[in-house]
There are 2 protein chains.
Amino acid sequence: MPRAASSHAAMVPAASPWDGVAERLRSNGLRWTPQRRTLVDVLREHEGHVTATELIARCRERDQTTTPSTVYRTLDVLEDFGLVRHGHGPDGREEYHVLPDQVHGHLYCVACGATWEIRPETGAAIVDALAADLGFDVDLSHVTISGRCQTCCRE
Amino acid sequence: MPRAASSHAAMVPAASPWDGVAERLRSNGLRWTPQRRTLVDVLREHEGHVTATELIARCRERDQTTTPSTVYRTLDVLEDFGLVRHGHGPDGREEYHVLPDQVHGHLYCVACGATWEIRPETGAAIVDALAADLGFDVDLSHVTISGRCQTCCRE
DNA sequence: TACACTAGCGCAACGACTTGCAATAGCGCT
DNA sequence: AGCGCTATTGCAAGTCGTTGCGCTAGTGTA
Ligand SMILES: [Mn+2]
Ligand SMILES: [Mn+2]
Ligand SMILES: [Zn+2]
Ligand SMILES: [Zn+2]
């Protein structure tokens with residue numbers, strides 16, 4: 001007998017890359033722990049960018065015993081699976097992209113503090129320039145460029 | 001009567017940008033302290049790149065009482081004068097360029113750990129691409145791009 | 001369900017900065 | 001040479017990560 005939910009297609013939530021994490025970990029000899037579940041639950045509801053510090057805080061909301069080192073280590077594992085990707089702000093602080101649809105770099109204005117994603121074409125231009133230069137294969141996701149935005153350039 | 005040394009042009013060392021630091025600081029209402037002198041003496045004999053940690057160690061060789069916070073603060077003021085420029089390695093750690101002849105970014109291979117300076121033309125390509133993108137004015141000196149070098153790409 | 005194997009956890013210590021604050025000491029001025 | 005103003009210093013404490021270690025607890029297997 002089919003499960004009740006499966007007969008109502010409209011109620012089935014869109015498949016999320018997070019759905020298979022537990023199995024994916026286990027099939028690689030890794031483990032699915034309560035601590036990892038907590039972090040994944042937090043990541044589930046975060047589309048876009050988050051700092052590691054903020055993730056730790058969110059985890060602690062759900063599980064007061066959350067430890068930073070465990071979160072950092074789990075983020076490393078998830079990054080190996082491509083589920084998150086990190087970069088560094090101009091101060092060197094870590095910033096995570098959750099479920100990056102497409103790899104992209106960042107722009108920071110040192111004057112006003114605003115940030116933007118580097119557009120795909122622009123990112124490609126950078127990648128191409130460096131491929132031509134030394135045959136270097138750029139990891140765009142880890143690129144953070146600082147400078148002044150158009151608005152701040154005009155004072 | 002002229003000083004003895006000034007009559008022997010061959011013995012006069014080439015003017016160094018460091019020679020005027022003391023006056024430059026004072027004329028800006030800042031001070032020339034023993035601690036700053038120590039750091040400048042260290043920087044004098046360092047052409048190229050150095051980490052802040054290494055600079056602190058070198059200072060401590062000359063003055064055992066050197067304090068990290070003082071060194072960091074002095075590096076900040078020297079950077080304001082354009083005498084050093086810092087960037088961040090892939091791990092976010094600071095790296096200083098002493099007397100940067102021309103502003104340039106860096107390339108790090110995450111596989112073999114090697115590093116290169118981005119060539120001027122390539123740097124210009126990056127600057128241009130972002131100027132076109134959002135009218136963003138890139139600070140090339142603070143750019144660190146990681147990825148895989150040609151050698152490591154071929155495994 | 002019981003077991004053994006080992007991945008992952010919490011903790012404590014460390015590294016690289018940063019910041020607030022009270023005491024010190026350059027500097028310009030007389 | 002002496003003064004006073006305030007830029008700097010040293011220190012302590014804090015933040016963001018990273019790492020080594022002994023103990024715990026997921027997992028696959030029987
Ligand atoms: Mn910086
Ligand atoms: Mn990184
Ligand atoms: Zn701006
Ligand atoms: Zn390499």
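Protein chains get the first letters and strands the later ones, always in sequence-line order, with residue 1 at the start of each.
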For [X] and [N], what is the distance between atoms [atom1] and [atom2] respectively, to the nearest whole Å?
{"X": "I56(A)", "N": "dC16(D)", "atom1": "CD1", "atom2": "C1'", "answer": "8 Å"}
{"X": "H86(A)", "N": "dC16(D)", "atom1": "NE2", "atom2": "C1'", "answer": "13 Å"}
{"X": "D63(B)", "N": "dG10(D)", "atom1": "CG", "atom2": "P", "answer": "8 Å"}
{"X": "E23(A)", "N": "dG26(D)", "atom1": "CD", "atom2": "P", "answer": "16 Å"}
{"X": "D91(A)", "N": "dC17(C)", "atom1": "CG", "atom2": "C1'", "answer": "11 Å"}
{"X": "D76(A)", "N": "dG17(D)", "atom1": "CG", "atom2": "C1'", "answer": "10 Å"}
{"X": "L30(B)", "N": "dT9(D)", "atom1": "CG", "atom2": "P", "answer": "10 Å"}
{"X": "R36(B)", "N": "dT8(D)", "atom1": "CZ", "atom2": "C1'", "answer": "6 Å"}

*Give me the ring orientation class for H106(B) and Y108(B): parallel if the planes are under 30° apart, tilted from 30 to 60°, perpendicular past 60°.*
tilted

*Mind grabbing the angle between the end helix axes of the helix from dT1(C)-dA30(D) to dT30(C)-dA1(D)? Five pairs an end, 10° rounding.*
20°

*Of A52(B) and P34(B), whose nearest nucleotide on DNA chain C comes first from the 5' end?*
A52(B)

_Residue closer to the 5' end of DNA chain C, R93(B) versus A22(B) (nearest nucleotide)_ = R93(B)

Can you find a pair of side-chain heavy atoms, one from [X] and one from [Y], that are under 4.5 Å apart?
{"X": "I118(A)", "Y": "W116(A)", "value": "no"}
{"X": "L107(A)", "Y": "T115(A)", "value": "no"}
{"X": "H88(A)", "Y": "H88(B)", "value": "no"}
{"X": "L134(A)", "Y": "T122(B)", "value": "no"}

*asked:* Can a donor-acceptor pair be found, under 3.5 Å and without considering hydrogens, that links the side chain of Q35(A) to the backbone of T66(A)?
replied: no

*Under 3.5 Å, is there a donor-acceptor pair between the side chain of T51(A) and the main chain of E54(A)?*
yes

*In residues 68-75 of chain B, what residues come within less than 4.0 Å of DNA chain C, judged by heavy atoms?*
S69(B), Y72(B), R73(B)

*Closest to the Q35(A) side chain, choosing from dC27(C), dG10(C), dG10(D)*: dG10(C)

*Of all the choices, dT9(D), dG10(C), dG8(C), which nucleotide is nearest to the side chain of T33(A) once you look at every atom?*
dG8(C)

*Check every strand shown and say whether R31(A) touches a base, only sugar-phosphate, or nothing at a heavy-atom separation below 4.0 Å.*
base

Which pairs, protein N/O on one side and nucleotides 28-30 of chain D N/O on the other, fall under 3.5 Å?
none

*Between R44(A) and D19(A), is the closest basic N to carboxylate O distance under 4.0 Å?*
yes

*So which residues get pulled into L99(B)'s cluster when ILVMFWY side chains under 4.5 Å apart are joined, directly or through others?*
W18(B), V21(B), L25(B), L30(B), W32(B), L39(B), V40(B), V42(B), L43(B), V50(B), L55(B), I56(B), V71(B), Y72(B), L75(B), V77(B), L78(B), F81(B), L83(B), V84(B), Y96(B), V98(B)

Give every pair of a protein N or O atom and an N or O atom of nucleotides 1-3 of chain D that lie under 3.5 Å apart, one pair per line with the distance.
none

*How far does NE2 of H97(B) sit from NE2 of H104(B), to the nearest 0.5 angstrom?*
4.5 Å

*Carefully, step by step, assess E45(B) and R62(B) under the rule salt bridge (charged side-chain N to carboxylate O under 4.0 Å, His left out).*
CA-CA 13 Å; E45(B) 43 195 47; R62(B) 296 173 178 250; 3.0 Å; yes

*Which pair of non-hydrogen atoms, one from C59(A) and one from T38(A), has the smallest distance, and what is that distance?*
O-CG2, 3.9 Å

*Can H49(B) and E95(B) be counted as having a side-chain donor-acceptor contact under 3.5 angstrom?*
no

_Set of side-chain contact (heavy atoms from CB on, under 4.5 Å) partners for C152(B), sequence neighbours left out_ = C109(B), A111(B), C112(B), R148(B), C149(B)

